[in-house]
Amino acid sequence: MARFFDLNPEQQAAVKCTEGPLLVLAGAGTGKTRVITMRIAYLLHNGAKPENILAVTFTNKAANEMRARVAQLVEKVEAKKITICTFHALCVRILRQDIERLGYKSNFAIYDEGDQLGLIRKIIARISAKNEKLDPNLAKNLISRAKNAHWKIKEPEGESSLPAAVFHRYQEELKTANAVDFDDLLILTVNLFENHPDVAQKWQTRFRYIMVDEFQDTNGLQLELVRYLGGNHHNVCVVGDDDQSIYGWRGAEVANILEFEHHFPNPEVVKLEQNYRSTGSILGAANSIIRHNPRRRPKSLWSQNGEGEKVTVMEVPDDHEEANYVISEIQKRQQIGGLNWSRFAVIFRMNAQSRLLEENLRRLRIPYRIIGGRSFFERREVKDVLAYLSCLANPSDDLNLLRIINTPARGIGSSTIELAVAESNQHKTSIYETLRSPVFQEFLSSRTKTAVEKFAELLDRYETELLQPLANLSAIVDKLLVEIDYTGELRKSCKTQEEALNREENIRELVRTLGDFQGRSTEGLTGFLAEVTLDQDREEKSEGDHDGVTLITFHAAKGLEFPHVFLVGIEEGVLPHDRSKVDGHLDEERRLFYVGITRAMESLTITHCSSRMKYGSASPCHPSIFLKDLDPVCVEIVSYHVIANQPASEGTARTHFAKMRELLG
DNA sequence: CGGTCTATAATTTTT
DNA sequence: TTATAGACCG
């Protein structure tokens, strides 16, 4: 345990507290992950069995990182037996074992938000009257909110309103498709524990020691889950920072961390306030902002890193000038310091703000990477192939079956499909079963009948093949794609050959991923599909490791750090965003600002515009009200005109040339 | 059915 | 400004 003594006293206290509830309030950059991983090592050192340890995170990225760091601290064999995963992955594991008690089959499919939306759209189209309109996205949010508010899965009150009817129907169709959505994973697990105490007990005994990361982001159901899992032994350690709760709009309850004592009485409470990331000026600025929030656990970050340079705040004329200034400032600093581009990040409230920044970066040929954006798994061809796989893994999956039933075209037209849908609704059977039923086939012309039979036979044949114990999944999928001539379909549907080749490559990539999966897991096709929907942003690993300036939203920046950070567009209407004020969610916007500030290690520059292009026309902007709260001691307000009209100062130029010489010689 | 046109709206997005 | 959904027409 050599490294235990590298921890500061508070961190040590958190690590050593292994029995009973423990709340670790870990401010930004205070070594949170270090404490969790060290605590796991400490538990093992003190005789805990690795299989009894559970660490839950929110993202796969966090889980992977934690796994890697634990692996450095403990024996490999032991590390493998520790459960480190996301809430959702944990629920999948639990449900695969016992979901049959709730009337689902264990090969259930998981619908991501795209699938969800598709299903909702389908339902709205079918059941709404002509004069009724319902935005599918709105319906999706309503459904999610309803589920999280513990409506549970039962008849909603009255069928009169359209949203209620859609909700009801949605849940019904999910169940016949043997599918669950992200919310269901949590709800069903809680239901399972509630109604089947033996199952609850099995897992309570299994996980003697529980750790939850980013606890401020848990929602009601996740708390409920933790309460069940820790219900007997109360060895529950939660780590988080209420000041960094920025996902309230997605259902996260800050109250969970603010009222932790309420759920797990008499916890040990440890505050981590020593920051190892930022300079004093940056922390001073951060403290002065967050202090103004009501309803929080008071904390004050400090560090031994010295004051450092002051935080720069600058007003710029407009968003064009802002982007231009920020990017040239980055270029200047990069040259002077001979730094990697990856040491710089520009953080903004809305993705739309990245455009001007990108333009400037491209103009100056500076490499950059944007975090976020279209996922690999949202591309049409990838979804098509995944739809085939979903149908083979779970033939009741109507939504995915409809996606591929005539892709590529095989003579099953819309009237036939409509008939099949109506028929399956009437008999409450899946479309797959309907297609195979002789009664249904009697309705069809002989030509269509042949097409339907052939399609059903295709699915049957590949399903059987994939179920063989030693089946080589990726080889079989390759064979299937050749048989249906999906490549031919791509060539036909793409405008340019380049696009077709690109899409073909995407499919090869997907099949490769499947092969990789089979190489390291025994969970087969169902497991692969679950992993793919629960971990959608893997592509970054392949492309995203080059040096470049990071462009990122405040939300996505949580948990990251950069030596030099620029916060842009810190104006009323942007941060805080206009849409957040009406709801009275100002606190969360302030936390967002706080999160942005605390990403910076060495330097922080904040800009706001006097005018900004909004929806095509220039509109005047006022500095964010948050800027008033910045402690003047930490801040230097810089005039844009002085900077913009000033040629490089002699001092700067000299350093510059010195650096150049150094680089050359 | 698919392509083009027009009206409308406009955060953030861990799984 | 720009993206997207629905309408509309060949």
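What you see is a predicted model; the values in this text were computed from it and never measured. Lettering of chains follows the sequences in order, A, B, ..., and the numbering in each one begins at 1.
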If the condition is side chain to side chain donor-acceptor pair (under 3.5 Å), which residues does A:Asp319 pass it with, not counting sequence neighbours? none
Base, sugar-phosphate or nothing for A:Arg355? Non-hydrogen atoms, less than 4.0 Å. sugar-phosphate
Rounded distance in Å - CG (A:Leu221) to C1' (B:dT14): 16 Å
Are A:Arg69 and A:Glu65 close enough for a salt bridge, meaning some N to O gap below 4.0 Å? yes
Taking A:Glu531 first and then A:Arg520, would you say they form a salt bridge - that is, a charged N and a carboxylate O separated by under 4.0 Å? yes
Applying salt bridge (charged side-chain N to carboxylate O under 4.0 Å, His left out) to A:Arg355 and not counting sequence neighbours gives A:Glu359
Between CG of A:Leu185 and P of B:dT15 the distance, given in whole Å, is 13 Å
Using the P atom as the reference point in each nucleotide, state the distance between C:dA5 and B:dT12 in Å, no decimals. 16 Å
Which residues share a side chain to side chain donor-acceptor pair (under 3.5 Å) with A:Asn293, sequence neighbours left out: A:Arg590
Taking side-chain contact (heavy atoms from CB on, under 4.5 Å) as the definition, give me every residue that meets it alongside A:Thr30, ordered by chain and number, with sequence neighbours left out. A:Ala26, A:Leu272, A:Leu301
All side chain to side chain donor-acceptor pair (under 3.5 Å) counterparts of A:Thr59, not counting sequence neighbours: none
Nearest-Å distance, CD1 (A:Ile552) to P (B:dT14)? 10 Å
Within less than 4.0 Å of OP1 or OP2 of B:dT13, is there a side-chain N or O belonging to A:Thr553? yes
Just the rounded figure in Å: distance from P of B:dT15 to CG of A:Leu529. 17 Å
Kindly write out the residues that satisfy side-chain contact (heavy atoms from CB on, under 4.5 Å) with A:Ile417, not counting sequence neighbours, or none if the list is empty. A:Leu402, A:Ile405, A:Ile412, A:Val421
Distances under 3.5 Å only, N/O to N/O: pair up the protein atoms with those of nucleotides 8-11 of chain B.
from	atom 1	to	atom 2	distance (Å)
B:dT11	O4'	A:His577	NE2	3.3
B:dT11	O2	A:Arg349	NH1	3.0
B:dT11	O2	A:Arg349	NH2	2.4

Nearest-Å distance, CD (A:Glu214) to P (B:dT15)? 12 Å
Go through the structure and list residues passing side chain to side chain donor-acceptor pair (under 3.5 Å) with A:Glu571, not counting sequence neighbours. A:Arg612
Taking the P atom in each of B:dT13 and C:dT4, what is the distance between them to the nearest angstrom? 16 Å
Can you list everything that forms a side-chain contact (heavy atoms from CB on, under 4.5 Å) with A:Ala618? Sequence neighbours excluded, please. A:Ser611, A:Met613
Rounded to whole angstroms, how far apart are CG on A:Leu592 and C1' on B:dT14? 14 Å
Collect all protein-nucleotide pairs involving nucleotides 5-7 of chain B in which both atoms are nitrogen or oxygen and the distance is under 3.5 Å.
none

Given atom CG of A:Asp319 and atom P of C:dT2, what is their separation to the nearest angstrom? 12 Å
Geometric cation-pi criterion A:Arg591 and A:Phe554, 6.0 Å radius, 45° cone: no
All side-chain contact (heavy atoms from CB on, under 4.5 Å) counterparts of A:Arg447, not counting sequence neighbours: A:Ser445
Heavy atoms under 4.0 Å, any strand shown: does A:Glu113 hit a base, just sugar-phosphate, or nothing? base
Given atom NZ of A:Lys147 and atom C1' of B:dT15, what is their separation to the nearest angstrom? 13 Å
Using heavy atoms and a sub-4.0 Å distance, could you list which residues of residues 246-255 of chain A are near DNA chain B? By number, please. A:Tyr247, A:Trp249, A:Arg250
